[in-house]
Amino acid sequence: MHLKYLHTMVRVSDLEASMAFYALLGLKEIRRWDSDAGRFTLIYLASEGNEETPLELTYNWDGDDGLPSDSRHFGHLAYEVGNIYEMCQHLMDNGVTINRPPRDGRMAFVRSPDNISIELLQQGDALAPAEPWTSMDSVGHW
């Protein structure tokens with residue numbers, strides 16, 4: 001099965017301070033996405049030559065008063081998979097709970113034994129919606 005490491009996400013409470021800190025480490029902004037509907041900004045940072053393995057900073061426009069004490073500052077690890085349905089079925093067959101099923105044929109979330117959130121993203125275009133995934137409910141937090 002195809003698996004490619006994509007990025008690590010951390011939530012930040014002060015975007016400017018975080019950007020300045022990571023710049024000191026030599027990370028540069030390689031892309032940004034603002035979601036008006038979701039009221040958040042995603043900024044991807046990488047060091048020169050490592051653009052394929054960025055750090056994603058997630059900034060919630062309305063704040064996040066629990067940071068950093070609620071441990072939500074570390075978001076998830078993300079991996080690209082060749083067939084999200086096959087990967088999720090393989091994980092389920094081996095006792096892994098699918099916390100956020102790939103209802104959209106594009107994205108799913110699972111948790112490691114240490115409760116680390118893992119995002120699985122379909123390589124290329126999303127697959128056509130299919131059962132049992134389409135009607136499967138989310139479980140817990142991801």
Side-chain angles (χ1 to χ4, degrees), residues 1-15 17-64 66-142:
M1 281 187 266
H2 168 82
L3 181 72
K4 178 183 178 185
Y5 174 80
L6 294 177
H7 64 262
T8 297
M9 182 272 264
V10 294
R11 295 180 199 282
V12 299
S13 58
D14 183 331
L15 186 56
S18 294
M19 293 287 291
F21 170 78
Y22 289 108
L24 291 173
L25 295 175
L27 299 178
K28 296 183 172 130
E29 183 174 331
I30 58 171
R31 67 181 182 276
R32 177 185 293 241
W33 187 60
D34 294 310
S35 172
D36 292 330
R39 302 194 46 74
F40 63 85
T41 297
L42 304 179
I43 299 175
Y44 295 86
L45 307 172
S47 59
E48 188 172 334
N50 292 296
E51 292 82 6
E52 290 188 25
T53 56
L55 172 65
E56 174 191 319
L57 302 183
T58 296
Y59 174 71
N60 294 314
W61 299 353
D62 298 322
D64 200 335
L67 294 179
S69 63
D70 71 355
S71 75
R72 285 180 12 96
H73 58 283
F74 177 81
H76 60 261
L77 299 175
Y79 291 93
E80 176 182 89
V81 298
N83 184 305
I84 198 158
Y85 297 145
E86 288 178 6
M87 176 60 81
C88 287
Q89 188 63 57
H90 169 71
L91 293 171
M92 281 180 48
D93 290 348
N94 285 279
V96 175
T97 299
I98 308 300
N99 299 96
R100 194 278 191 193
R103 290 183 290 272
D104 54 5
R106 169 102 181 106
M107 177 180 65
F109 278 88
V110 298
R111 292 248 178 200
S112 77
D114 295 308
N115 211 28
I116 294 171
S117 186
I118 310 293
E119 179 181 22
L120 304 172
L121 292 167
Q122 174 62 42
Q123 179 183 25
D125 293 334
L127 301 180
E131 291 297 339
W133 314 108
T134 306
S135 59
M136 190 179 287
D137 290 331
S138 295
V139 177
H141 299 282
W142 61 68

Taking the side chain as everything from C-beta on, heavy atoms only, tell me whether [X] gets closer than 4.5 Å to [Y].
X	Y	result
F40	D64	no
H141	N99	no
H7	Y44	yes
R32	D34	yes
V110	T97	no
I98	V139	no
E119	Y79	no
I30	I43	no

Short side-chain to backbone donor-acceptor contact, [X] and [Y], under 3.5 Å:
X	Y	value
N94	H90	yes
Q122	G82	yes
D104	M107	yes
N83	E86	yes
E51	G49	yes
R100	A108	no
D14	A17	yes

E52 CD: over 12 foreign heavy atoms closer than 6.0 Å:
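Counting other residues, nucleotides and ligands, CD of E52 stays at 12 neighbours or fewer.
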More than 12 heavy atoms of other residues, nucleotides or ligands under 6.0 Å from CD of E131: is that the case?
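Buried by this count: over 12 neighbours within 6.0 Å.
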For the residue pair [X] and [Y], what are the closest heavy atoms and their distance?
X	Y	answer
C88	W133	CB-CH2, 3.6 Å
I118	S112	CG1-N, 4.5 Å
P54	Y5	O-OH, 4.5 Å
Y59	S13	CE1-O, 3.5 Å
R103	P129	O-CB, 3.9 Å
S18	L57	CB-CD1, 4.3 Å

After noting the C-alpha distance and the side-chain angles of L121 and V81, does the key distance pass the side chain to side chain contact (heavy atoms under 4.5 Å, CB included) rule?
CA-CA 6 Å; L121 292 167; V81 298; over 6 Å; no
Run the side chain to side chain contact (heavy atoms under 4.5 Å, CB included) test on E80 and H2 for me, step by step, so that the C-alpha distance in whole Å, both residues' side-chain angles and the decisive distance to 0.1 Å come before the verdict.
CA-CA 8 Å; E80 176 182 89; H2 168 82; 2.9 Å; yes
What is the distance from atom [atom1] of [X] to atom [atom2] of [Y], rounded to the nearest 0.5 Å?
X	Y	atom1	atom2	answer
L120	F109	CG	CZ	8.5 Å
K28	E48	NZ	CD	6.0 Å
L45	L55	CG	CG	5.5 Å
T58	R11	OG1	CZ	6.0 Å

Using side chain to side chain contact (heavy atoms under 4.5 Å, CB included), reason through V12 and F21 one step at a time and then give a plain yes or no.
CA-CA 11 Å; V12 299; F21 170 78; over 6 Å; no
Side chains of W33 and T41 only: does a donor on one sit below 3.5 Å from an acceptor on the other?
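Absent: no donor and acceptor within the cut-off.
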